[in-house]
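Note that this is a predicted model, so its numbers are computed, not measured. Both ligands and their constituent atoms are indexed starting at 1 by order of listing.
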Amino acid sequence: MTSETTTPALLREAALVGGRWQASGEDGIAVHNPATGVMIGRVPSLGAAEVAEAIARATEAQKDWAARGARVRAAVLKAWHAEVLAHRDELAAILTAEQGKPLAEAAGEIDYGASYIEWYAEEARRVGGEMLAPLEPGKRMMTLKQPIGVVAAITPWNFPCAMVTRKLAPALASGCAVLLKPASQTPFTAIALALLAERAGLPSGLLSVLTGPAREIGGALTAAPEIRKLSFTGSTEVGSALYAQSAPGIKKLSLELGGNAPVIVFDDCDLDAAVEGTMQAKFRNGGQTCVCANRIFVQSGIYDAFRDRLTTRVKALKLGDGAEPGAEIGPMIDMAAVRKVLEHVDDAVSLGARLETGGTRASELGAHFVTPALLSGVTPEMAVFREETFGPVAPLLRFDSFDEAIRLANDTPFGLASYVFSRDMARILGAMEALEFGMVGVNTGLISAAEAPFGGVKMSGLGREGGREGIEDYLETKYVCLGGLEAAPC
Ligand code: ADP
């Protein structure tokens, strides 16, 4: 491990296969620090055989886990939550080393990730079916909520902790077993979380962390009839492929896919709050989040003032290795991400946008650093409007009327997050209702919370994670009709 702040105890170069830790050999997958390019360590390159082994152990372990009752499951999750918080700094250092985000953001992600474990430890005890109103004498109808069984989770690199806990915690709380395939760029945070779960008393075999080639492991997971559900967070392209792969086995799916988030800034807004909110919605994790502002619509009356203030804030952002104190924007995850950012900036400029600041490589810092950019005069023909940039580029568009803003904001096949800045209640309510997105932030750029349902509409996905809804996705409703009760009083 290259980072001096990391205690190597939690950095384990091994995968967890049905309760058995399998160490990586020299032929394992190398994981690199995106800021420095230095290798952090290796994880095993597993395949179909290990997936089968994990499924066999998970199938056994799941039955026992479900039978133990909600109170026991809640207690184990609470112990896991405590372990994660107790190792917050070590986990944050691992996360920054493999993902690149500034250490303070990484620590914030550990807290945020832990909050899902806590929330679902609490929700575990609130799962219940219902007794329905009797339809006729002699019959009773009821519903039971039961865990769906063995489930698979495939997670992305941008939130190596929170995307894992957001799936694992409700799955385990409901009584499911989980096979997790973390992103190959960021497996060490997931492995450390599994190690802490083991220490917290999670039964052996219930959780596997399977590292290796995504296509092969994804193929084995979707082909296995024992796996009844898949929860995936990542690109729409891969989500759509997994949807197709899951069709023959009629698996239940949760998909959290790409977004193309609009920010609508009305001229009656609190300008300072709108600038701050936009900064948060745009530049968190270097713009590498699926709820990042991708198109910023600003009403004509305040367009110039907003652009000038935002430009000043963007110019002041400190780019650097996430492990360095004060860094606000870390590296892009890889060269493909760097190329996409530069291509989007070039495309916009070639079609008439003005580059107010940034948008160039900062090679003196490392290969993956790009200076945060602001583009004004953006139009719907540009790639920055149509595609998710997933990088630190803020594209500004001018609008005049409410209807124009809503029409432009909804002009995308995606529908994950959206943001509105205004002090006019009628505008806020109108926008809230008209935006075709799963989430709307009003006068704030930070909307995610364990207590709230996170998810999208249209091509942004299926299902909700977090909130009361998040555990429902891991439960089946069984209906029971009890007949032959004529002797019973009504
Ligand atoms: P991103 O653009 O965020 O890297 P991806 O959709 O490529 O998004 O990756 C998200 C997750 O899906 C990662 O864990 C990745 O390894 C995995 N993945 C990528 N391709 C496949 C595939 N064909 N089958 C299963 N999982 C995949």
Side-chain angles (χ1 to χ4, degrees), residues 15 28-32 34 43-48 50-51 54 95 98-101 151-168 178-191 193-194 208-224 227 229-249 251 253-260 284-292 294 331-341 343-344 368 387-391 414 416 456 459-462 465:
I29 300 173
V31 180
H32 295 97
V43 291
S45 180
L46 306 179
E50 288 83 5
V51 171
L95 200 163
E98 65 181 359
Q99 200 276 338
K101 70 180 62 176
V151 304
I154 301 181
T155 53
W157 51 263
N158 61 343
F159 287 91
C161 171
M163 294 305 100
V164 167
T165 57
R166 192 154 88 176
K167 297 185 192 308
L168 265 46
V178 198
L179 274 63
L180 167 70
K181 209 299 282 173
S184 296
Q185 297 96 327
T186 58
F188 286 121
T189 306
I191 292 165
L193 286 169
S208 286
V209 182
L210 304 168
T211 53
R215 223 173 252 276
E216 189 179 342
I217 293 182
L221 291 172
T222 48
I227 293 182
K229 176 196 166 75
L230 167 67
S231 178
F232 170 78
T233 298
S235 63
T236 299
E237 189 191 359
V238 173
S240 166
L242 290 169
Y243 203 164
Q245 282 169 232
S246 300
K251 284 195 205 321
L253 281 180
S254 294
L255 300 174
E256 204 266 274
L257 310 175
N260 184 358
R284 204 158 56 99
N285 202 12
Q288 301 175 110
T289 89
C290 49
V291 293
C292 266
N294 205 55
M332 298 287 92
I333 190 72
D334 54 24
M335 277 313 293
V338 171
R339 275 194 294 275
K340 187 168 191 188
V341 167
E343 277 166 22
H344 275 196
H368 295 170
E387 298 167 29
E388 196 177 25
T389 305
F390 232 66
F414 298 98
L416 192 59
M459 285 184 72
S460 290
L462 297 175
E465 296 189 296

Would a 4.5 Å heavy-atom cut-off, applied to side chains only, mark [X] and [Y] as touching?
X    : Y    : answer
L221 : V51  : yes
H344 : V341 : no
F414 : N294 : no

* Structure fact -> For K181, the salt bridge (Lys or Arg N to Asp or Glu O under 4.0 Å) test, sequence neighbours excluded, returns none
* Output all residues satisfying salt bridge (Lys or Arg N to Asp or Glu O under 4.0 Å) with E465, sequence neighbours left out; order by chain, then residue number. => R166, K167
* **Qualifying residues under ring-ring contact (aromatic ring centres under 6.0 Å, His included), relative to F390, sequence neighbours excluded** => W157
Please produce the table of protein N or O atoms sitting under 3.5 Å from N or O atoms belonging to ligand 1, one pair a line, distance to 0.1 Å.
{"unit_1": "ligand 1", "atom_1": "3 (O)", "unit_2": "W157", "atom_2": "NE1", "d": "3.3"}
{"unit_1": "ligand 1", "atom_1": "4 (O)", "unit_2": "W157", "atom_2": "NE1", "d": "3.0"}
{"unit_1": "ligand 1", "atom_1": "6 (O)", "unit_2": "S235", "atom_2": "N", "d": "2.9"}
{"unit_1": "ligand 1", "atom_1": "6 (O)", "unit_2": "S235", "atom_2": "OG", "d": "2.7"}
{"unit_1": "ligand 1", "atom_1": "14 (O)", "unit_2": "T155", "atom_2": "O", "d": "2.6"}
{"unit_1": "ligand 1", "atom_1": "14 (O)", "unit_2": "K181", "atom_2": "NZ", "d": "3.3"}
{"unit_1": "ligand 1", "atom_1": "16 (O)", "unit_2": "K181", "atom_2": "NZ", "d": "2.7"}

